[in-house]
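The next block holds one structure in the form of structure tokens; read it before the comments.
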Number of protein chains: 2
Amino acid sequence: MRIIGELPARPAVFAAGEEIVREGTRQKESCLVTSGFAARSQSLRSGERQITAVHVPGDFVDLHSMMLKVMDHSVVALGPCKVAFVPHERIREVTEQSPHLARLFWLSTTIDGAIQRTWITCLGRRSAEQHLAHLICELYVRLEAAGIASDFTYGFPVTQAELGDVLGLSVVHVNRKLQELRSAGLVEWRDGKVTIRDFDQLARLSEFDPTYLSLRREAR
Amino acid sequence: MRIIGELPARPAVFAAGEEIVREGTRQKESCLVTSGFAARSQSLRSGERQITAVHVPGDFVDLHSMMLKVMDHSVVALGPCKVAFVPHERIREVTEQSPHLARLFWLSTTIDGAIQRTWITCLGRRSAEQHLAHLICELYVRLEAAGIASDFTYGFPVTQAELGDVLGLSVVHVNRKLQELRSAGLVEWRDGKVTIRDFDQLARLSEFDPTYLSLRREAR
DNA sequence: CGGTCTATTGACTGGCGTCAAGCACCGTGG
DNA sequence: CCACGGTGCTTGACGCCAGTCAATAGACCG
């Protein structure tokens, strides 16, 4: 979520696939995405990994690191990505002085949680095809709300392997399901550019309901 | 997480399976579990459902309802369950007056998020057996920290169907995997009572690492 | 005593993973 | 200019994990 930051921020640039914050470390700063995409990922002994969240510009990726002390996940760049680091100390000060800002940070964490719950349901109870369709819908709605996407098109520069890590699927299966959506005329996805040909159908297929994203303007 | 509440609370009792808060509604109170287990669940058109979180006594189940306005999930009782409802208004006042308490609520939400991330990884990248083993470990550690469990035993009165809704599996498969853990001598599970026979082995099997639960005492 | 709920088991099916090969595209160096 | 290795996408063959369907048995209850 977009948090208006008049905070002192240290900008940094990362190339596709680079690690922004490492699992298991203790941080003194939190970062927010200013351009491109970042993701949270957890890895297993086998070398497999699972991406547990995707962040778009404006998202405060790891407010978590401040509260959790030890990172339970890494933050990586999906495609080229710019971020800004803000010292925990400053966030702490700001939240103590302004209950309103504290509330906004808390809200951000809460919406994050709502998205994660939806992902859990996608992983547990939806088919691969539905899950993929759901993700495509979610990203469009989030990016549109952030003012970065329109006309049912957006850039999302990830490999199919990374997509597999998001969906909990193998590369091969991602490839097949993607082709099914393509040949059904629902989606185009080429060179990191996604175009939704039939949003309603895609939403119906995946039972996508954007309520959980809390994008409607309401007093908080 | 245990939030010390000197807040005005309206107590309520729910029977196994009863709905405490309904998906899609707007609430004016948040609830915390005082005894028994509650769960968050999302349901699909097909009638299937996914449980996205399990809450133990001391957990502030849906602080969410305050921030999110419209519930993105239901809260249901797993087994008999006692809860306390606290008006949002009171929580709001308290957090505005005490940055420290606001911080504790925020921390609670953050840890909640860490647990959800782990569940995502379990669903996406672990086998059914590992996932089940991981859940058994997690619940024990959380209950022990809450002072409700010891000696590797705890009560968890859920049906195998509910367990399936937690793990994203069918009843039949839950039954089979449970039997495998039993016959491997790792776990006993009868009549809603879980006994871990070999915690280390179970943790190794499922790659369980309790760090994400943030139970180590650290200044916040 | 029949009805409902839960646990259990077997037979069969199917979605998704694994393995492997073949392309297309790229940047590099000879 | 072309050989090359690397990376990512695509496709086919095959196998296994988990779902579905169905039936049985026990516990509880009205």
Side-chain angles (χ1 to χ4, degrees), chain A residues 15-18 44 46-50 76-80 121-135 155-184 187-194 205-206, chain B residues 15-18 44 46-50 76-80 121-135 155-184 187-194 205-206:
Chain A
E18 266 191 290
L44 302 182
S46 64
E48 289 179 299
R49 67 173 190 168
Q50 175 69 40
V76 301
L78 287 182
T121 300
C122 283
L123 281 160
R125 293 300 189 198
R126 281 189 239 259
S127 68
E129 185 176 46
Q130 286 180 309
H131 190 175
L132 175 55
H134 198 280
L135 177 72
F156 189 49
V158 298
T159 66
Q160 293 186 0
E162 288 169 322
L163 202 48
D165 289 337
V166 172
L167 301 171
L169 297 172
S170 67
V171 197
V172 175
H173 209 64
V174 167
N175 184 279
R176 290 186 171 129
K177 292 303 153 185
L178 210 39
Q179 286 181 60
E180 284 182 26
L181 291 186
R182 276 200 276 250
S183 64
V187 171
E188 282 177 33
W189 190 321
R190 278 184 9 250
D191 303 325
K193 193 177 151 223
V194 181
L205 169 67
S206 60
Chain B
E18 267 190 288
L44 303 182
S46 64
E48 289 178 301
R49 65 172 192 169
Q50 175 69 40
V76 300
L78 288 182
T121 300
C122 282
L123 280 160
R125 294 300 188 196
R126 281 186 238 259
S127 67
E129 185 177 46
Q130 285 180 309
H131 190 177
L132 175 55
H134 198 280
L135 177 72
F156 190 48
V158 299
T159 65
Q160 292 185 2
E162 288 169 322
L163 203 48
D165 289 337
V166 172
L167 301 171
L169 298 173
S170 66
V171 197
V172 175
H173 208 63
V174 167
N175 184 279
R176 291 186 171 128
K177 292 304 153 185
L178 208 40
Q179 285 180 61
E180 283 182 27
L181 291 185
R182 275 200 277 251
S183 65
V187 171
E188 282 175 31
W189 190 322
R190 279 186 5 251
D191 303 326
K193 195 177 147 222
V194 181
L205 169 67
S206 59

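Protein chains get the first letters and strands the later ones, always in sequence-line order, with residue 1 at the start of each. This one's a predicted model, so the numbers in the text were calculated from it and none came from an experiment.
Here B:G164 lies out of heavy-atom contact (under 4.0 Å) with every strand. Among the heavy atoms of the strands, none lies under 4.0 Å from A:G192. Counting any heavy atom pair closer than 4.0 Å across all strands shown, A:R182 reaches sugar-phosphate atoms only and no base atom. At a threshold of 4.0 angstrom between heavy atoms, the contacts of B:S170 include nucleobase atoms, whether or not backbone atoms are also involved.
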**Prompt:** Under the side-chain hydrogen bond (donor to acceptor under 3.5 Å, both in side chains) criterion, do A:E129 and A:S127 qualify, and how do the steps go?
**Reply:** CA-CA 5 Å; A:E129 185 176 46; A:S127 68; 5.2 Å; no
**Message:** Assess the residue pair A:V171 and A:T159 against the criterion (side-chain contact (heavy atoms from CB on, under 4.5 Å)); give the C-alpha distance rounded to whole Å, side-chain angles, the decisive distance to 0.1 Å, and a yes or no.
**Reply:** CA-CA 9 Å; A:V171 197; A:T159 66; over 6 Å; no
**Request:** Please step through side-chain contact (heavy atoms from CB on, under 4.5 Å) for the pair B:E162 and B:R49, ending with a clear verdict.
**Result:** CA-CA 9 Å; B:E162 288 169 322; B:R49 65 172 192 169; 3.6 Å; yes
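Comparing C:dA20, D:dA18, D:dC9 by their nearest atom to the side chain of A:V172 picks out C:dA20. Checking D:dT10, C:dA7, D:dA18 against every side-chain atom of B:L169, the shortest atom distance belongs to D:dA18. Closest to the B:K177 side chain, of the nucleotides D:dA18, C:dT8, C:dG17, is D:dA18.
Remark: the B:R176 side chain and the C:dG10 base include a donor-acceptor N/O pair separated by less than 3.5 Å.
Annotation for B:L167 and B:L123: closest pair O-CD2, 3.4 Å, computed over non-hydrogen atoms.
The separation between A:L123 atom CG and D:dA18 atom C1' is 16 Å, rounded to whole Å.
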